[in-house]
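Structure record follows, encoded as structure tokens.
Below, chains carry the letters A, B, ... as their sequence lines are ordered, and counting in each starts from 1. As the structure is a prediction and not an experimental result, all values here were calculated from the model.
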Amino acid sequence: MKKMFPAEELARDSRFVRNRIEDQIFDPRNQALSQREMGSAKLDPNRPAAAERARALMHGIFTGEIQALEGAGRTTFDFDETQVPLALKLDMARQCWDESRHCEISVKLGDWMGSEIGEFAEQTFLYEAACADDPVLRLTGVNRALEGLAIDVFNTMKEFGELSGDPVLAFCEDWMLADEVTHVKMGSDWLRRLTEDDPERRERALEFQRTVDKLFSLGGFRGETEENPVHLARRFRELAGFSDDELEELVKVSEESKAEAEAMSAAIQQGA
Amino acid sequence: MARVSVTPDPFVLVNYDSGALAALIEKVASRVGLPDDIEIAIEVDEALPRPLIASYVEIDGAGDGPIRVSIWCSGGNFEHPQYPRRFDDVGGEIKLAVDLLRAADRLAPGFADATPDAELSERQREAWDTSAAGRASRLGFAVREPLARYHFRLGNGFGDAVDAVYERLWGADEITWAEIETACVETAASDERPTPKVRPGTVGTTLRR
Amino acid sequence: MPEPSKPRSAFAPWDRRELPGLFDVEESAKRVGHYKWIEIKLFEALGGWVATVPELDVKLVLGRHCYHHAWHAELWDKRLPELREMNTDRLNVAPNDELVAFVDAMREPDAPELTIEKLVGVYRVLIPRKIAAYTYHLNGTSTITDSPTIRSLNFALQDEFQDWREGEMLLQSLIETPKDVERATRRAAELEVLMLAAGGIAGRGTLGDATEDLVPPQGQGSPAEGVVA
């Protein structure tokens, strides 16, 4: 088996279809939509098409969990004990089990919400964060950026479940959220330990995390305003080792991401 | 055969074919039993993608002139969930079947007092859609029952009493507006959800401009 | 009311554990080091394969089993210092080059259409060997002096049996044609040959020597001759 497995080779059965994030960014409907008053974008049972929004997001969570499982699994294999401590590999193996369980939960939740496996297209940008060849960068990208996004998304879905009175959704998201806090804390702890004597490497890792966080903000998908479908789960991120400064930085990164997406969309429209 | 007009023609933001959509509507209208001399005008807001799915059905000219069914819907109704901007033949057919069955309902005496689509509550709309989806399923459309059930639960509540109402609506071959209203009173009575938090721009916001 | 000061045996009447065992501390540590090595190689392979298998159920099972074997590796890693091996890396080795060759071959399949080959290596060749080695250790070691190892062996064996069953069931559901049967059988045979050369997960003598207690008949050689290379 080869080391460093590329995202385009991730194995899926025939139900899954993959598309690129660029398709979403360059969708000509974005410009038309940006000129309309659409109300709050936050995932809320009171909003129009709430069921479809929730189902689409839940399927995105499902494919994200598959990729998180694959990312953690590759970290157990790609690096030997001369590159990372055995204890880190053991943590990644534990994460494999957790992500595997999250996939199982997501499949059951999909059934509950009337969705089918592969119903919505998959994008692989989450796994791409797990492709760094420096284990510290990979750990930061996966366990702090990707799993951090998972904290925000699960918290949003948990609130949606509570507001809509959906006992199954709220129950499942609560459990998955607990695991994600553990994974992010794992990432925070390992980042500190592995770069204790190497501030330069730590800075590189944090810079990589900023880049991944901006990508994961998806042009305004995540943030702290009514225009963001998913909100930052500050309390849970603090539990997982995020400092106040890092949270403020994340808010800034999300705003930048949104501004860049809007500028890009406007430029495309002008060019059209 | 129903006469169908599609707006826009052509589509510019999505890869839908107006002619193909018109042909599909003709076919579905016939299968759900709408009269042959009916006019159906559909306006698709192609800027609204999945998952923004919404539709409104209205009946005009119920007097001596030809009956005209006006449908407004978001482009997301017909968008393939796996391929952005591509028409979803299977999903689109189901959405049309449900909307056209509700149009057929509106032509029946039992729906003379029905609230206009734009004024339906979430609860009423999900109840009506459930009934139409159940009938569409029995007509052979590939309706996914679990999906209909989730929509109904989200609109009406999660619990055994709500599920019993769902079963009744899904299984009924004939329905009246009064029965839909009764169903909604029942689900409201058993709905123990906390009053949702009201946010600016959420309540009352629709996707239709 | 029982008299609290009445002397009682240190071993309850039903506690039949005995002192003698096959392994001294050094031998036990050596075996535990080999166990740790093979568990690491196994959990790495399972984790790495997750991304390469398209079958969703297999993917999720591999993710779960990956942790089982990582946890076994951790148990053995923690046991080593208790067996006077303070450098836990020193004994974290394969017993011989032949087992390294087996592991390399077992972990080699990469392509998405090779799920049967991947699973056969783990569930039809390696895990049965692990069950055999762990059971031999369990049955042979001193039930009093080596009871911490026994406790870990029991935990590990419980996982091994369950994983073996689950992996075998996955394989049976994936093997649909006579050609698939041939693929699985050929793969198992190729790997068995390599494992045979290694002698088991702890090397030659993994399961002891089945003939060592036999007294050779007068004028004849050892019955082991021609059996053990």
Side-chain angles (χ1 to χ4, degrees), chain A residues 1-16 62-63 65-108 110 117-118 124 127-128 130-131, chain C residues 36-37 39-78 80 87-90 92-93 103-115 117-118 121-122 159 163 166 174:
Chain A
M1 177 172 25
K2 64 172 167 281
K3 299 272 181 183
M4 307 298 163
F5 197 76
E8 53 272 23
E9 289 182 30
L10 290 175
R12 295 285 181 275
D13 68 40
S14 58
R15 290 170 292 186
F16 291 84
F62 165 55
T63 54
E65 292 297 347
I66 296 176
Q67 291 173 39
L69 163 62
E70 292 169 327
R74 291 308 302 187
T75 302
T76 68
F77 180 76
D78 285 344
F79 306 112
D80 64 28
E81 291 138 82
T82 63
Q83 296 164 293
V84 294
L86 175 65
L88 187 150
K89 287 160 68 85
L90 297 176
D91 275 353
M92 289 299 110
R94 168 59 198 230
Q95 198 167 317
C96 273
W97 181 26
D98 296 347
E99 306 298 4
S100 178
R101 218 166 48 246
H102 292 181
C103 291
E104 293 169 348
I105 294 168
S106 300
V107 170
K108 296 285 186 194
I117 290 174
T124 56
Y127 176 82
E128 280 157 28
C131 292
Chain C
K36 178 183 163 188
W37 185 85
E39 294 284 11
I40 290 173
K41 296 298 169 193
L42 177 53
F43 91 71
E44 288 174 346
L46 295 175
W49 274 334
V50 167
T52 73
V53 293
E55 299 87 354
L56 194 52
D57 52 349
V58 178
K59 200 182 272 289
L60 303 189
V61 167
L62 293 185
R64 175 156 28 94
H65 289 187
C66 171
Y67 174 64
H68 293 172
H69 301 291
W71 184 61
H72 302 166
E74 189 178 11
L75 289 176
W76 301 135
D77 183 63
K78 285 183 174 160
L80 282 171
N87 177 357
T88 55
D89 287 335
R90 195 179 70 84
N92 178 22
V93 289
V103 165
D104 287 347
M106 186 195 80
R107 303 197 323 173
E108 200 266 331
D110 194 88
E113 62 275 12
L114 296 179
T115 303
E117 281 74 6
K118 292 167 192 167
V122 173
D159 284 341
D163 293 0
E166 204 170 1
L174 288 167

Taking C-beta and beyond as the side chain, do A:L69 and C:L62 meet within less than 4.5 Å on heavy atoms? no

For C:D110 and A:F5, what are the C-alpha separation, side-chain angles and deciding distance, and is it a side chain to side chain contact (heavy atoms under 4.5 Å, CB included)? CA-CA 10 Å; C:D110 194 88; A:F5 197 76; 4.1 Å; yes

Part of A:Q95 within contact of chain C (heavy atom distance under 4.5 Å): neither

Picking from A:E99, A:E9, A:K3, A:K89, which has the most non-hydrogen pairs under 4.5 angstrom with chain C? A:K89

Let me know if C:N92 has heavy atoms under 4.5 Å from chain A in its side chain, its backbone, both or neither. side chain

If you count the non-hydrogen atoms of other residues, nucleotides and ligands that lie under 6.0 Å from NZ in A:K2, is the total more than 12? yes

So OG1 of C:T52 and CZ of A:F77: to nearest 0.5 Å the spacing works out to 9.5 Å

Interatomic spacing from CG in C:L56 to CD in A:E104 - rounded to 0.5 Å: 9.5 Å

What is the minimum heavy-atom distance between A:T76 and C:G48, and which atoms define it? OG1-N, 4.1 Å

About how many Å separate CE of A:M92 and CZ of C:F43, when rounded to the nearest 0.5 Å? 10.5 Å

Separation between CG (C:D89) and CG (A:L86), nearest 0.5 Å, reads 8.0 Å

Relative to chain A, which of C:E108, C:K118, C:K41 shows the most heavy atom pairs under 4.5 Å? C:E108

Counting only N and O atoms by type, is there a donor-acceptor contact under 3.5 Å from the side chain of C:R64 to the main-chain atoms of A:W97? no

Pick from C:A70, C:P112, C:A73: which one has the most heavy-atom pairs with chain A under 4.5 Å? C:A70

Where does A:R15 contact chain C at under 4.5 Å (heavy atoms): side chain, backbone, both or neither? side chain

Are side-chain heavy atoms of A:M1 and C:E44 found at a separation under 4.5 Å? no

Under 3.5 Å, side chain of C:K59 to main-chain N/O of A:A11, donor-acceptor pair present? yes

Counting only non-hydrogen atoms closer than 4.5 Å, does C:E74 touch chain A with its backbone (N, CA, C, O), its side chain (CB onward), both, or neither? both

